[in-house]
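Heavy atoms only: backbone and side chains are in, while hydrogens, waters and symmetry mates are out. Every chain is numbered from 1 and lettered A, B, ... according to where its sequence line falls, protein lines coming before strand lines.
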Amino acid sequence: MSATAARAAASAYELVIGLEVHIELRTRTKMFCACPVTFGAPPNTAVCPVCLGLPGALPRPNAEAVRYGIRLGLALGATIRLRGTFARKNYFYPDLPKGYQISQYDQPLVEGGAIDVPTADGGVRRVRVVRAHLEEDAGKLLHGEGEARVDLNRAGVPLVEVVSAPDLRTPQEARAYVAELRAIAEALGISDVRMEEGSLRVDANVSVRRRGEEAYGTRVEVKNLNSLRSLERALAHEGERQAALLEAGEAVAGETRGWDEVRGVTYALRRKEGEDDYRYFPDPDLPPLVLAPDAVERERAALPELPAERRRRYAQVGLRAEDAALLASRLGAARYFDAAVAAGGRPREVAAWVLGEGARIENEGGPALEAGGLPPHQLVRLLERLERGDIARTAAKALFERLVREGGDVDERIAAEGLAAVDDPAALAAAVERVLDANPRAVADVLGGKEKAIGALVGGVMRALGGRARAAAVEAEIRRQLDGRR
Amino acid sequence: MNGSGRLDAVAWARRLGRGEARAVDLARAVAARVRAVDPDVHAYLAWDEEALVKAAEEADAARAAARAGPFAGLPTAVKDNLTTVDFPTTCGSRILEGYRPPYDATAVRRLRAAGLALVGKTNMDEFAMGSSTEHSAFGPTRNPLAPDRVPGGSSGGSAAAVAAGMCLWALGSDTGGSVRQPAAYCGVVGIKPTYGRVSRYGLVAFASSLDQVGTLTASVRDGAALLDIVAGHDPMDATSAAVPAGGCLAAAEEGLSQGEAAWRGVRVGLVREALGGGVDGAVAARVEEAARALEGAGARLVEVSLPTLDVALSAYYLVATAEASSNLARFDGVRYGLRRQAATAADTHRRSRGAGFGPEVKRRILLGTYALSRGYYDAYYVRAQKARTRVREDLLSALGECDVLVTPTAPDLPFGLGERTADPLAMYAADLLTVPASLAGFPALSVPAGRVDGLPVGMQLMGRPFAEAALVRLGAAWEAMRPWELPVWAEGGEGR
């Protein structure tokens, strides 16, 4: 079936998506031992008898990880179970040192809750969270020539797995859900939430059904979705694949599939024989996880502002819904914005610079605004000088970028680099005269009624003055001199 | 200190403390004994005379400088499922042959901190699964009292080492009776402390919710003293109890000096079911006789019933094997131990485990895997846990009516080598009377209670959680009433 035909078939079907998101917690130590949580350390250097699963070693729970789990549960509006248990999930794999993963099964830390996912039309869609539980990560296999080596630095790193209800209906919604969950985890300070480094990993349960039908179709699990883009693409592809199968009168096989980023397709990893039997049972090495109610209340009292509240607040200070959402989804930028506004910046103007120039510099490989050389009060100063006309907009943008990348004081740099706008009427008149003389065609065009041609002349003068002129003054002088040439 | 003129470990420690003997001579005498006896008994999987003598010399030097603890330099044996940095730790299994742990078990660390001198690592049923020490991959241990019979198990190596004088005392581990039953079979004293009393960190797990480090000693007060050394909360073990430890030696000394008087007014619960069917008549008779002696000393005998005794053994074998099936999953040929390389990781797992585990371990892994499998979990594992709760309630209620429960430790006398290896159920039955305290997590003590046809009979005293001191006080009082012959050890050595 061609791609077009596949999409046509797919439109008669509805996707049903549930997500399992694994969030690596940024605790100082691992879930059940004192090894540091690291990223990028040489293989097998952040390990001890416990996380290596050596004979006789025993786990001991990390209270910090439990607090992080509570915090996440509260942010999701969920119930925190005051008595939970750790359970063993038994399976063999070379990266799993004990032959079982310590997780939670029938008594997870967090039950219920929801995430209100912002939709394209500015509204929200409520996606239910079934549960979130604490568990330990496995190690990593490093594949080489004809052999695989095991790195256990990651083994035992605390994870919280957030399981959604099958409430998502489009790849875009799924993406927005993960983005929102990521923003929440970031706001809570519980994770680095870097998908590319594996600190946030997504598995998707996907099925399709004919629109209007109630019953769910056969579920396929898609693994290894390492970016928001992969997630969206994989779900779109998987939905089309399943719809095409049904359309052709074939059945969808219940299986686990991987995502091939390069070819843009999902591929079968293994067939599910009924349900996998992990032989869960309560871990006898760990007593029940009993929480004092006031421990939960302490976390509740310490909850920071969450992305949804931030969006509302930004909308109230006049940001467009889009900008408010974008800003609220990026904690560093949002904090920078808040500080700049607190220092006297006008919200919309600050947002424009943060989301415009600031984001551009970061995307081009420069520092993030909050990590760069231009502190928020300096941005406010720059905007003041710009507004007063002390510096031209083009020059201000260039200075902004230099300051972000290299640091420095706004006022000193404007003075030292001669960036202050040229206010000398004689210098301006001379520059305009040179430019008019050098561009007879443009002059003729303007005089002939082609108003737009004046832009080229203004640009020429600005260039001649190194961007330090005020555009309005330049245009006025051009018109004055052109009047003289009529 | 008793009729034979032989000394227990505590008496030896006092001689050392008074400068009447040197630890190094004691160590040499013990080593000579190991060299002479162990080729026949096979209590040790590994031992190191040089290290033993060196540790004893250090203890003597420390004592001369008044820096030594009271037990420094006493030759001590350790079961091979406790990790040690200076000896391999094999758990009696091919899969860990030659494995050297990078860390000491907490109990071993505490032995070293007390200045004890390690002799070596003792033989055991593979991964503590067995009641005869015949399931060791490295060959069985013989009972020093009757060489054609088993020493019991799984801590048979430790029990035999103590009984044959190849150490002064030893650590073992008890999951369903693995300290108490070999103590009974070898005519020595065994203590299984309350679950959580001694850290399990570094005790290679068989069944985590049941395993507990215990002591095998010549006298009750030796057990008390050794328990005081290793007991106490350990942050490395989340199931270790934050309950103050210590005081057992003092309690035992009190019992020793009080003798019969210590039993006056004590309510002794005789467990009816433990003296009936399934228990050797001669063994039951010895224990009933002991009970009458206690009554003679002023104890009140109370007949109590443990109606769950019959289900306890089944519940135990389900819970223990379920946990074992998971605990032993880590032996996969990837990081340590035996590896049989194959083309795929899954085949490497299979072949390594197939070659590394013995038949009894495989049997229990299969049983436990089955009990945890979907569709069987509720019928086996969950039901076994419910039965476990009932056993605990039964014991608690019996211990509400009396101060101590008394049973034979094992339902029979030491059996012949090879007699039960082909009959797993007969082997499992040896645990009948010891599993209730294991399932409940309660402390229990096995003391010698006379002999039948020259073979030792053990009497088990069970107490309330964390009441070890009360148990050893009564046990020591019993020892004062009916002193048994201390192990024939260090013959020709300093101790005579």
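- Looking at B/Phe127, there are no atoms closer than 4.5 Å to chain A (heavy atoms on both sides), in backbone or side chain.
- Counting heavy-atom pairs under 4.5 Å between each of B/Tyr201, B/Tyr99, B/Tyr377, B/Tyr376 and chain A puts B/Tyr201 at the top.
- The ring-ring contact (aromatic ring centres under 6.0 Å, His included) test applied to B/Phe138 returns no partner, not counting sequence neighbours.
- Here B/Ala329 is the residue among B/Pro101, B/Ala329, B/Ser325, B/Pro235 with the most heavy-atom pairs under 4.5 Å with chain A.
- Applying the 6.0 Å contact sphere to CZ of B/Arg94 captures more than 12 heavy atoms from other residues, nucleotides or ligands.
- The residue from B/Glu126, B/Lys79, B/His135 that alone fulfils the side chain to side chain donor-acceptor pair (under 3.5 Å) condition with B/Ser154 is B/Lys79.
- With chain B as partner, the option from A/Ala148, A/Pro49, A/Pro59 having the largest number of non-hydrogen pairs under 4.5 angstrom is A/Pro49.
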>> Before you tell me yes or no, could you show the steps for A/Asp283 and A/Lys98 under salt bridge (Lys or Arg N to Asp or Glu O under 4.0 Å), namely the whole-Å CA-CA distance, both residues' side-chain angles and the distance that decides it to 0.1 Å?
In response: CA-CA 12 Å; A/Asp283 191 332; A/Lys98 298 188 295 297; over 6 Å; no
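- The candidate from B/Cys91, B/Ala238, B/Ala322 with the greatest count of non-hydrogen atom pairs under 4.5 Å with chain A is B/Ala238.
- Neither the backbone nor the side chain of B/Asn81 comes within contact range of chain A; no heavy atom of the residue lies under 4.5 Å from a heavy atom of that chain.
- Within 6.0 Å of CZ on B/Arg340 lie no more than 12 heavy atoms contributed by other residues, nucleotides or ligands.
- Each of B/Asp332, B/Asn327, B/Thr348 has some count of heavy-atom pairs under 4.5 Å with chain A, and the biggest count is that of B/Asn327.
- Using a 4.5 Å cut-off between heavy atoms, A/Leu52 touches chain B through its backbone atoms (N, CA, C, O) alone.
- With chain A as partner, the option from B/Ser326, B/Ala205, B/Ser208 having the largest number of non-hydrogen pairs under 4.5 angstrom is B/Ser326.
- No donor-acceptor pair closer than 3.5 Å links the side chain of A/Thr29 to the backbone N or O of A/Ala34.
- Note: B/Tyr380 and B/Tyr370 have tilted aromatic rings, judged against thresholds of 30 and 60 degrees for the angle between ring planes.
- Of the two parts of A/Tyr91, neither the backbone nor the side chain holds a non-hydrogen atom closer than 4.5 Å to a non-hydrogen atom of chain B.
- Only the side chain of B/Arg353 comes within less than 4.5 Å of a heavy atom of chain A; its backbone N, CA, C and O stay farther away.
- Residue A/Asn90 touches chain B through its side chain alone, counting heavy-atom pairs closer than 4.5 Å.
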>> I'd like to know whether A/Asp95 forms a salt bridge (Lys or Arg N to Asp or Glu O under 4.0 Å) with A/Arg154, so could you lay out the CA-CA distance, the side-chain angles of the two residues, the decisive distance to 0.1 Å, and finally the verdict.
In response: CA-CA 10 Å; A/Asp95 69 4; A/Arg154 208 180 67 186; 5.5 Å; no
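- The part of B/Thr83 that comes within reach of chain A is its side chain, from C-beta onward, which places non-hydrogen atoms under 4.5 angstrom from that chain.
- With a threshold of 4.5 angstrom between heavy atoms, B/Thr369 approaches chain A through its backbone and through its side chain.
- Among B/Gly202, B/Ser209, B/Ala346, the residue making the largest number of heavy-atom pairs under 4.5 Å with chain A is B/Gly202.
- The aromatic ring centres of A/Phe32 and A/Phe86 sit less than 6.0 Å apart.
- The number of heavy atoms from other shown groups lying within 6.0 Å of CZ (A/Arg28) does not exceed 12.
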